[in-house]
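Okay, so here's the structure we're looking at.
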Amino acid sequence: MQDRMMAKEPNIDPKLLSPYNPTSTEDRIYKLWEESGFFNPDICVEKGVTASDADYFSIVLPPPNVTGTLHLGHAFEDTMQDVLVRYNRMKGKKTLWIPGTDHAAIATQSKVEKILSKEEGKRKQDLGREEFLKRVDQFAQNSHDTIVSQIKKMGASIDWSREAFTLDEKRNFAVRTAFKKMYEDGLIYRGHRVVNWDPKGQTVISDDEIVYEPRKAKLYTFKYSKDFPISISTTRPETKVGDTAVAVNPDDARYKDYIGKTYEIKDFCGVSLSIKIIADYNVDKDFGTGALGVTPAHSQVDYEMAIKNNLPSVTVINEYAQIIIGGENLLGKKTTEAREVVAQWLRDENLMESEVEIDQNVSTAERTGAIIEPLPKLQWFINVNKPIASRDNKTLKELMLEPVASGKIKVMPDRFEKIYSHWIENLRDWCISRQIWYGHRIPVWYRGEEIYCGMEAPEGDGWEQDTDSLDTWFSSGLWTFSTLGWPDLESADLKNYHPTTIVMPGYEILPFWVARMVLMSQYLLGDIPFHTVYFHGIVRDSKGQKFSKSANNGIDPIDVINEYGTDALRMALVVGVGPGNDTKFDMQKVKAYKHFANKIWNIARFTLSNAEGITYNPNFTEYTDSEKELIKERDDLISEITREMNEYKFYLVGEKLYAYTWSRLADVLIEESKSILSGTDEKAKLARVQFLLGTLVQITTVLHPFMPFITEELWSILPTENKQLLMVTKWPK
RNA sequence: GCGCGAUUAGCUCAGUUGGUAGAGCAACCCAUUUACACUGGGAAGGUCGCAAGUUCGAGUCUUGCAUCGCGCACCA
């Protein structure tokens, strides 16, 4: 077969004589791009491919966690960004895409702890802080290297010269600067309150790191003592040794007369209690007995009631979820054991009135899966309700809500606007301290009663730095500007590229990341972090399940690439997947786009084999009327997709280009060309070849953002005057 | 309890401002040809979840309902 072709078309590029081979092409092309320097907009200007007065387009990569390798969700996210980035670069903009990784404090630390325990049977304390952190850094470095190579495999045209890490020197400087400013403005404070304690991870977590899981639980209804007038219901009898009040609804006629009275209980499972009856509208008259035992130390709601009513608080449970008061029957017991001890005591004393099974949502820690234990603790918080003098006395909440409400930040799809606003309206102060080693250490030092917040340790002896580190999202919140040189306000990158044009995260990190970026940028820069946020959905497996380690359904993008090529994978991920929609990954779809890549390849083969010695002339005019119509059809298509690209509808554009290339160009236009090309009318033949070449050139160009590798490879073969890389060739207008 | 999304061909999904329903895969028939079998041609397959409304006209707009999924709240 090879021989037949060679004999017939001796002058065609030999690459075209065999089917398109992505594996032998992609790495070579990526290297070519990297060496050109064109991923860096400064070099594009320097080398004259971008006008020095061009508009800016900037986007930050949502930094992947250094907890492992990238999955198809990342591949999806990277592809969409690269499509946009390549499009804008070809439109002639100064286009900057910034890469980076996230240290993902808790996630990475617990991953390394797991490995340490599994492989060496050690705990982090066995190594000590310094040695353990070395291990984490090593792990993070390996993970980082894999991630970088994966991003390159995806064809990302991202500026590696500006790569950042949320925990590197520059970002640490930005974090300390931000912390200090917030501390001085009174936005960051240290407070003692009931927080979400993760007994497994041995750290506090924020409200957003909680996952609610439905469980069956027993609802016990009982009285503290025979003389106590009101029965209460609880699922956690073991905490009742810490009760200091019973709350009832002020409108509840049954309990009205008791409000304000205090009852002494000499023995409640070995502990004496002093219970005051208080009124609070948070109490639901219809739940249980309509009366609620208030345990200020171990419930957020109870804690708030206790503050309002000036009630004492008794801590019952420690950091290891063990009981720390009472007699031998309770002391040192795990909460679950103690629960049964108290329940049995109630039965024995004939105080138990009922035990009913109910459905309950239990709070668990996102990372460790442990059941959250609300505990009173001294932690660092960001006050979201304090008016800020330097920002027109607006609160952080207001600063977050405003730009979205006013449309200054465009949210795509717009239904996420509601979710965003709703989240912020319900926002409580953000707990930012974590009792873990890995991460940005809190820049606060103590000496006795003295406290100092600054960029460096204060002068003098005896100062000890806070041992906690910061919530990883504190540094992620700075990402759009910490990557551009902030806090140096004179940084050219910061001036030119901020606010960034768009950010494209998954909707699941709306509260974690997107809202925090708005918070940080609005407060620290007095400006939005991005003009548009485009939320994408989740890539699921073919059955609609989330990819996860426990389901063992992971697909390595590299395996897909090795079999079908990056271009095919990119098309399969992008085409037909609208903003905010989840998508089921379908290998058949990838296969179909591999066929498409080969189709383009063969269109080129046919065209070039008929264009021997002819160079494409964009100014050629000797077309027949029908060819003129075909050119208009082609131009119309390009205007249409250009409009759609500007509206971020690349999921439609990919499909249209596919349909035109295959069903129009290959199936109709090339087929009808065959009779012309085998005829004797030389003028007609030339016009036809020019038309086909023109179409091929245009299609190759506009397909480039979607299928960068095969189009770049083809570009090097096409007979055009323009011989610079396709990635910096102008998009047809 | 409040809110959001989905429901279109056997499967996975597109469908812009309302104007004769589309793609990929699968299944069926034909074709070995001056690109391509990773192919081409052809045919088949849908009362667009249900019901009502607006309209000359509804997959698209309005209302109600159903099923599935998700978020938030409650979670004593």
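By convention in this document, chain letters (A, B, ...) are assigned in the order of the sequence lines, proteins followed by strands, and residues within each chain are numbered from 1.
- Taking atom CD of residue Glu425(A) and atom C1' of nucleotide rG3(B), one finds them 12 Å apart after rounding to whole Å.
- Picking from rC72(B), rC25(B), rU34(B) the nucleotide with the shortest atom distance to the side chain of Ser678(A) gives rU34(B).
- Base pairing annotation: rA31(B) forms a Watson-Crick or G-U wobble pair with rU39(B), both donor-acceptor distances under 3.5 Å.
- Taking the P atoms as reference points, rU39(B) lies 14 Å from rA27(B), given to the whole Å.
- Remark: the separation of the P atoms in rC48(B) and rG19(B) is 16 Å, to the nearest Å.
- The environment of Lys656(A) atom NZ is dense: over 12 non-hydrogen atoms of other residues, nucleotides or ligands sit within 6.0 angstrom.
- Per the geometry, CG belonging to Leu510(A) stands 10 Å off C1' belonging to rG71(B), to the nearest Å.
- The local environment of OH in Tyr258(A) is sparse, with at most 12 non-hydrogen atoms from other residues, nucleotides or ligands closer than 6.0 Å.
- Of the P atoms belonging to rU17(B) and rU62(B), the separation is 13 Å, rounded to the nearest Å.
- Between Glu357(A) and Lys216(A) there is no salt bridge, since no side-chain nitrogen of the basic residue lies less than 4.0 Å from a carboxylate oxygen of the acidic one.
- Between rA35(B), rG24(B), rC38(B), one nucleotide has an atom nearer to the side chain of Asn598(A) than all others, and that is rC38(B).
- Across all strands, Leu608(A) comes closer than 4.0 Å to no nucleic acid atom at all (heavy-atom distances).
- Residue Asp302(A) is out of contact with every strand shown, counting any heavy-atom pair closer than 4.0 Å.
- Using a 4.0 Å heavy-atom criterion, one finds that Ala666(A) contacts the bases of the nucleic acid, with or without backbone contacts as well.
- rU47(B) is unpaired under the criterion used here, namely a Watson-Crick or G-U wobble arrangement in which both key atom distances are under 3.5 Å.
- Applying the 6.0 Å contact sphere to NZ of Lys15(A) captures more than 12 heavy atoms from other residues, nucleotides or ligands.
- Among the protein residues, Ile603(A) comes within range of the nucleic acid bases, having at least one heavy atom under 4.0 Å from a base atom.
- Aromatic ring centres of Tyr658(A) and Tyr593(A) lie closer together than 6.0 Å.
- A sub-4.0 Å separation between OP1 or OP2 of rC38(B) and a side-chain N or O of Lys591(A) is absent.
- The aromatic rings of Tyr263(A) and Phe228(A) sit perpendicular, their planes meeting at an angle over 60°, well past the 30° parallel limit.
- In this model, the phosphate group of rG40(B) is approached by a side-chain N or O of Trp662(A) to a distance below 4.0 Å at OP1 or OP2.
- The gap from the C1' atom of rG46(B) to that of rC11(B) amounts to 14 Å, rounded to the nearest Å.
- In a base pair of the Watson-Crick type (N1 to N3 plus N6-O4 or O6-N4) or a G-U wobble (N1-O2 and O6-N3), with each distance short of 3.5 Å, rC72(B) is matched with rG1(B).
- Nucleotides rU12(B) and rG18(B) place their C1' atoms 27 Å apart, quoted to the nearest Å.
- Base pairing analysis places rU62(B) opposite rA52(B); the two distances defining the Watson-Crick or G-U wobble pair are each below 3.5 Å.
- Straight-line distance between the C1' atoms of rG41(B) and rG53(B): roughly 46 Å, to the nearest whole Å.
- In this model, a donor atom of one side chain and an acceptor atom of the other lie less than 3.5 Å apart for Tyr87(A) and Asn646(A).
- When the C1' atom of rG41(B) is taken as reference, atom NZ of Lys674(A) falls 12 Å away, rounded to whole Å.
- For the C1' atoms, the distance from rA26(B) to rU60(B) is 29 Å, rounded to whole Å.
- Closest to the side chain of Lys599(A), from the set rC38(B), rA73(B), rG40(B), is rG40(B).
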Nucleotides 13-16 of chain B: which of its N/O atoms have a protein N/O under 3.5 Å away?
unit_1  : atom_1 : unit_2    : atom_2 : d
rA14(B) : OP1    : Asn581(A) : ND2    : 3.3
rA14(B) : O5'    : Gly576(A) : O      : 3.2
rA14(B) : O2'    : Glu655(A) : OE1    : 3.1
rU16(B) : O2     : Glu644(A) : OE2    : 3.4
rU16(B) : N3     : Glu644(A) : OE2    : 3.4
rU16(B) : O4     : Lys656(A) : NZ     : 3.3

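- Atoms CZ (Arg236(A)) and P (rC74(B)) sit 16 Å apart, rounded to a whole Å.
- Of the candidates rG5(B), rC36(B), rC72(B), rC72(B) carries the atom nearest the His422(A) side chain, counting heavy atoms from C-beta on.
- Going from atom OH of Tyr20(A) over to atom P of rC38(B) covers 18 Å, rounded to whole Å.
- Side-chain atoms of Ile670(A) lie closest to rA35(B) of the nucleotides rC25(B), rA35(B), rC75(B).
- The partner of rA6(B), taking Watson-Crick or G-U wobble pairs whose two distances both stay under 3.5 Å, is rU67(B).
- Proximity note for His595(A) (side chain, C-beta onward) versus rC38(B), rC4(B), rU34(B): the nearest is rC38(B).
- Ile358(A) places its CD1 atom 7 Å from the C1' atom of rC75(B), with the value rounded to the nearest Å.
- The OH-P distance, from Tyr593(A) to rA23(B), rounds to 12 Å in whole Å.
- In this structure, Lys584(A) does not pair ionically with Asp541(A), as no charged nitrogen and carboxylate oxygen lie closer than 4.0 Å.
- Atom pair Asn610(A):CG and rA35(B):P shows a separation of 9 Å (rounding to whole Å applied).
- In this structure, Arg605(A) reaches the rC36(B) phosphate: one of its side-chain N or O atoms is under 4.0 Å from OP1 or OP2.
- Pairing of rA21(B), defined by two Watson-Crick or G-U wobble distances under 3.5 Å, is not identified with any nucleotide.
- Nearest-nucleotide assignment on RNA chain B puts the 5′-proximal partner with Asn602(A), out of Lys240(A) and Asn602(A).
- Aromatic rings of Phe535(A) and Tyr420(A) (six-membered ring for Trp) have centroids beyond the 6.0 Å cut-off, not under it.
- A distance of about 27 Å separates the C1' atoms of rG10(B) and rA51(B), rounded to the whole Å.
- A distance-only check finds no donor-acceptor pair linking the side chain of Glu213(A) to the backbone of Thr364(A) [under 3.5 Å].
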